[in-house]
Student: 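Here it is, the structure, as structure tokens.
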Amino acid sequence: MEENTQFKILRNVKRLLVYRPPTEPSRFVLGEGADDGRSEAAEEKGLKTSAAELAALARYGRRLETTMAKVQAALTGGAWVEEGETLRAECAALEKQWAELRPVLLAYDATADNLAERPVSTSLEENRKIVERLYRLPANKDVVMRHIMLGTEPPLKATLVFMEGLTNGQFVTLGVIQPLMLLADKRRQLSGDGLLKQISEQLLPGSQVKQVGKFRDVQAAINMGDTVIFFDGAVEALQVETKGWEHRGVDRPMTEQTIRGSQAGFSENLRVNTALVRSMLRATDLVTELIPVGARTRMNCAVMYLESVANPKLVAEVKRRIKKVDTDYLNDSGLLEQFIGDRFILPLPQALSTERPDRVAAHLSEGRVAIILEGSPFALVVPALFFTFFHSGEDFSLQPAAANFLRFLRLFGTLISTILPGLYIALTYFHQEALPSELALAIAAAREEVPFPAWFEVFMMEVSFELIREAGIRIPGMLGTTIGIVGAIILGQAAVAARIVSPIIVILVAITGLASSVIPEFRMALFARLSRFGLLLASVTMGLVGLASGMLVMTVALCSMKSFGVPYMVPVAPRTVAGLDVVVRGAAWQRERRPDALNPLDPSRQAKNSREWEQGLPAGEDDK
Amino acid sequence: MSYQPGRMGVAEGIGLTYIVMLPRVFLTSPAVTISSMHNLAWIAPLINWVAALAVLYLLAGVTARVRGDLYTVSDRLLGRVGAWAMAIFYTALFILDAASLLRQFAENTLLTALPGAEFRMIIFWYILFASVLVYFGIEGIARSAYLMLPFIAGGVAAVIILLAPFYDFYRLLPWQGAGVGVAVGRGLELVGLNLGALLLFVLAPSFQKPATMMTAAFYGGGVSALLRTVVIFFFLLAFGVGDGMEKTLPFYEMSRLVYLSRYIQHIEALFIIIWVITGLLAIAIDIFVALYLIARPLGLPSIRPLVPAVAMIVVNLAVIPPDLSAVIKADGSLVLLLSAGVFGGPLLLVAVAYIRKRRKRTWSG
């Protein structure tokens, strides 16, 4: 029915006068104050602890009652002979459980609240409860608890716990559950203190099986993708390696591609990465130590070194620093580097970051230490020295002359990339007399119609170039190329045609941009780009005096810096035995010594004469 | 950063010594030397270096028996008051040297590189960067100085080679100049230009043993003396005594003279880079050594908080002379004072050590 005007007026008046509750729900505001419920939560927590302990005692009581009933039935029913073994095992389990609960009865232990520190209980039910509390079950659907019964004599209850998605489901079914359920028949007598040992030796075909006694280890195992099996009456649990999460396969390195040399790059899987290194460096004394990092996540971090070569002090220092990292979560090796590297004012890399196992292997053989963090496809190699960042993976595969040419080119590119804009501004602004007359006139003619000062031109173009570079990386897929083309047109032709910049600046910025791209290490290239702006500013202020001052400060800073105790500018400053691998690389057979600055246990890389074949006769000419 | 410097070796010692002794070759010093010694002026650096080396050798003999830095040695030989006096004396010398270099480099920057700049801005720039270098520590400075050695020597060599068409060997005649006696006397007066070599004994704990220090002093000071000799020698070849005496900045004038073709005609601007690097490093080293000598007797755990204060003192001392001629005059007087420093302190220590040794022998005999 259509409302008339009177009705509409009445309705609106009613809306004004009559209170109605708001239709929108109240907004969520996370407040923090004295009455934020934390004290109540603490009280509740204490009550929960007490309740849990009481529940554990109650469970023990019920179990005791059941067992006694069984014993009574067996004694009265005359089945003692058949069931005697089963009942004896149950009684033994009860004894162990009692021994465990006794302290709870005597005193409410404060540490019992920390579930991770609690030992694995003999009571399966108790263990299940703790796992449920640790993993917030049943809310958490990732964690799977599978209860099984082993058909042994007596039957043995067990609970498997694993993380869905991190484990290889097929292996859990075929390699863990199936053997336990099918192979454990009545002929097997599984009991006593050696229960777990028997199971791991007779029933579990997994490559790595070990016993864990505390819930901290249980958690670590489950979080790492292993399966933990609790057995009723056992004081420890079994950890079976079932890792099998999805990960990228071994692929070509994305940022360190080479024409010669290995084409394999690291992936996100720690074990795959360590195996890649080991496949390149098949030495028995190549040690891979695993150190968990992160207070909450406990990400595994592999520290690799050649024990017969690496300086023990260096290895100990690396491990010490990693062990002392106290943070919640590390998602990348670059983040780890910030935690373990020395503090320094300039943003210079203190560890070589590489995704090439062959480079890691080469550095390990020199006495360095590699750090591979779980989930990161970049390994860190320490200590890293300034000149190392200008070496590439294929330098060692090329003849010395070619490799040296490339190295000089990179260093020249770095110099150009760092100082060229500043030098241009210094010369054109303050020291025009240094320019040949023709060049000075050409620059003046090119700048004639440009309304901005030269420094502003350079600054604007450099910033534009950086914007295009960053946009090209961030924009996904083919659009990146498009942005590059559009940017190049804007930077080049259009900007000149619009008389915003002079052509010589376009050339300068293009050369600078290209030169900065020859630095193999991304972070060193970034430092060169940042320095460029600093030197540009100094040059704008004080011409060549500013440029020289800036360069000097950079040099002194570099000379003051250390990477894991080794001066950054070694072997140039301080001077050490270079070993023909700084800027100029000697022939492979000439590089007899390992880097002196690393103080390796074995300073010799190869024999004095590693081409002994030259001393002998060519093959087939022995009888001439 | 503790006042105790880091671990250094011969290379770092060479770097520190030559760079702290070199800067005046880029200033008015060669012209002043020529004005008093005429054609034999080039021998002055060699004379004063040999004299300084002899003093350092004697001092090394003392430190071989009484190990430690200059303050410790003074403390052992002269007592607490004597050690304090030595520390204060050498602190003053190094601060005055820093101030003089700061003023001269600032003045010359204004004259040659940045004629349109504000003088206070240049002074501020130099002292700011020198303070930043001190902040990084002596190890970094020493290593950088060593790194710069080939570039500086190469730059000087390049100028000398490019000036080949302008050399006239008759300008060296008469070869005895104002007389050999004058040359030796004046050469000894200028021994203060080698005060920098004493820093090896000030920072002795860094250099492990006296042999390291003497090797560093020999080569570092030797390189510096050789460069100074070479510059004056070729300056005389290019300009002669008459013109040479009138030049305020001989090395700059030499680089200005270079003309090979229309593409290599003005290279003097590029040598500003070498001057600035040498000057900044020398000022920073002077300030560091002064800070060390302040911190040592006071037992201060760190010198960093003192850097701004000492930098301010250096700036205030630097701006006292009213004009460039006053600066040159003051620097001449300062070099004489520095010469007293080179001879005075070490010879006093050597004498006391000798007397004590003799007394011991007498008593024991």
Side-chain angles (χ1 to χ4, degrees), chain A residues 343-346 386-387 415 419 422-423 426-441 534-535 537-562 565-577 582-583 597, chain B residues 1 6-12 14-15 105-106 108-110 112-117 121-122 124-126 128-130 132-148 151 256 261-281 284:
Chain A
R343 283 186 188 177
F344 201 68
I345 199 164
L346 297 181
F386 179 74
F387 292 102
L415 190 69
I419 69 166
L423 187 66
L427 291 180
T428 54
Y429 255 48
F430 299 95
H431 315 285
Q432 296 91 343
E433 73 279 1
L435 297 170
S437 311
E438 284 82 355
L439 184 59
L441 289 171
L535 292 179
L537 194 66
S539 303
V540 170
T541 317
M542 293 288 279
L544 283 177
V545 174
L547 187 67
S549 312
M551 283 165 63
L552 180 61
V553 166
M554 269 172 57
T555 311
V556 173
L558 283 168
C559 290
S560 309
M561 194 175 159
K562 287 188 174 67
V566 179
Y568 205 53
M569 291 296 280
V570 147
V572 178
R575 279 175 63 79
T576 57
V577 178
V582 188
V583 179
Chain B
M1 180 177 58
R7 293 174 64 186
M8 295 189 278
V10 172
E12 284 87 354
I14 290 173
F105 272 99
N108 294 330
T109 303
L110 196 65
T112 57
L114 302 168
M121 174 70 183
I122 298 172
F124 171 74
W125 187 272
Y126 273 105
L128 175 73
F129 276 83
V132 170
L133 298 188
V134 175
Y135 181 85
F136 280 116
I138 196 71
E139 271 184 87
I141 293 174
R143 286 169 190 161
S144 303
Y146 188 76
L147 273 183
M148 296 298 169
F151 295 102
R256 275 187 71 179
S261 67
R262 62 184 186 177
Y263 294 106
I264 307 176
Q265 54 180 333
H266 293 294
I267 59 167
E268 68 272 20
L270 298 177
F271 285 94
I272 293 166
I273 293 176
I274 292 179
W275 299 350
V276 172
I277 287 172
T278 312
L280 275 177
L281 282 172

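Just so we're on the same page: letters track the sequence lines, and every chain starts at 1.
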Student: Which one, A/L427, A/L558, A/T555, leads in non-hydrogen pairs under 4.5 Å with chain B?
Tutor: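 Counting heavy-atom pairs under 4.5 Å, the top option is A/T555.
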Student: Sequence neighbours excluded, which residues qualify as side chain to side chain contact (heavy atoms under 4.5 Å, CB included) partners of B/L128?
Tutor: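 With sequence neighbours excluded, B/L128 shows a side chain to side chain contact (heavy atoms under 4.5 Å, CB included) to B/F124, given in chain and number order.
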Student: Checking B/Y126 now: which residues fulfil side chain to side chain donor-acceptor pair (under 3.5 Å) with it, not counting sequence neighbours?
Tutor: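 Checked B/Y126 against side chain to side chain donor-acceptor pair (under 3.5 Å); matches are B/T109.
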Student: Quick one: what part of B/I273 sits under 4.5 Å from any heavy atom of chain A, side chain, backbone, both or neither?
Tutor: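 When you check distances to chain A, atoms from both the backbone and side chain of B/I273 fall under 4.5 Å.
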Student: Find the distance between CD (B/E268) and NE2 (A/H431) and round it off to the nearest 0.5 Å.
Tutor: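 One finds 10.5 Å between CD of B/E268 and NE2 of A/H431.
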Student: Need one label for B/I122: side chain, backbone, both or neither, based on atoms under 4.5 Å from any heavy atom in chain A.
Tutor: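 For B/I122, the contact with chain A is made by backbone and side chain together.
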Student: If I measure from the heavy atoms of chain B, does A/M569 come under 4.5 Å with its side chain, its backbone, both, or neither?
Tutor: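 Contact with chain B is through the side chain of A/M569 alone.
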Student: Does any backbone or side-chain atom of A/L439 lie under 4.5 Å from a heavy atom of chain B? Answer side chain, backbone, both or neither.
Tutor: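 Contact with chain B: none, neither part.
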Student: If you count every heavy atom of other residues, nucleotides or ligands that lies below 6.0 Å from A/L415 atom CG, does the total exceed 12?
Tutor: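 It does: A/L415 CG has more than 12 such atoms within range.
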Student: Which pair of non-hydrogen atoms, one from A/C559 and one from B/S144, has the smallest distance, and what is that distance?
Tutor: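 Heavy atoms only, the tightest pair is SG-OG, 3.6 Å.
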Student: A/G550, A/A548, A/S549, A/A557: which one forms the most heavy-atom pairs within less than 4.5 Å of chain B?
Tutor: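 Greatest number of close heavy-atom pairs with chain B: A/S549.
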Student: I'd like to know which of A/S560, A/G546, A/A538, A/G543 tops the heavy-atom pair count under 4.5 Å against chain B.
Tutor: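 Result: the option with the highest number of such pairs is A/S560.
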Student: Would you compute the distance between atom CG of A/L544 and atom CG of B/L114 and round it to the nearest 0.5 angstrom?
Tutor: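 One finds 8.5 Å between CG of A/L544 and CG of B/L114.
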Student: Based on non-hydrogen pairs under 4.5 Å, which of B/A284, B/A145, B/A113 is most in contact with chain A?
Tutor: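 Among B/A284, B/A145, B/A113, the one with the most close pairs to chain A is B/A113.
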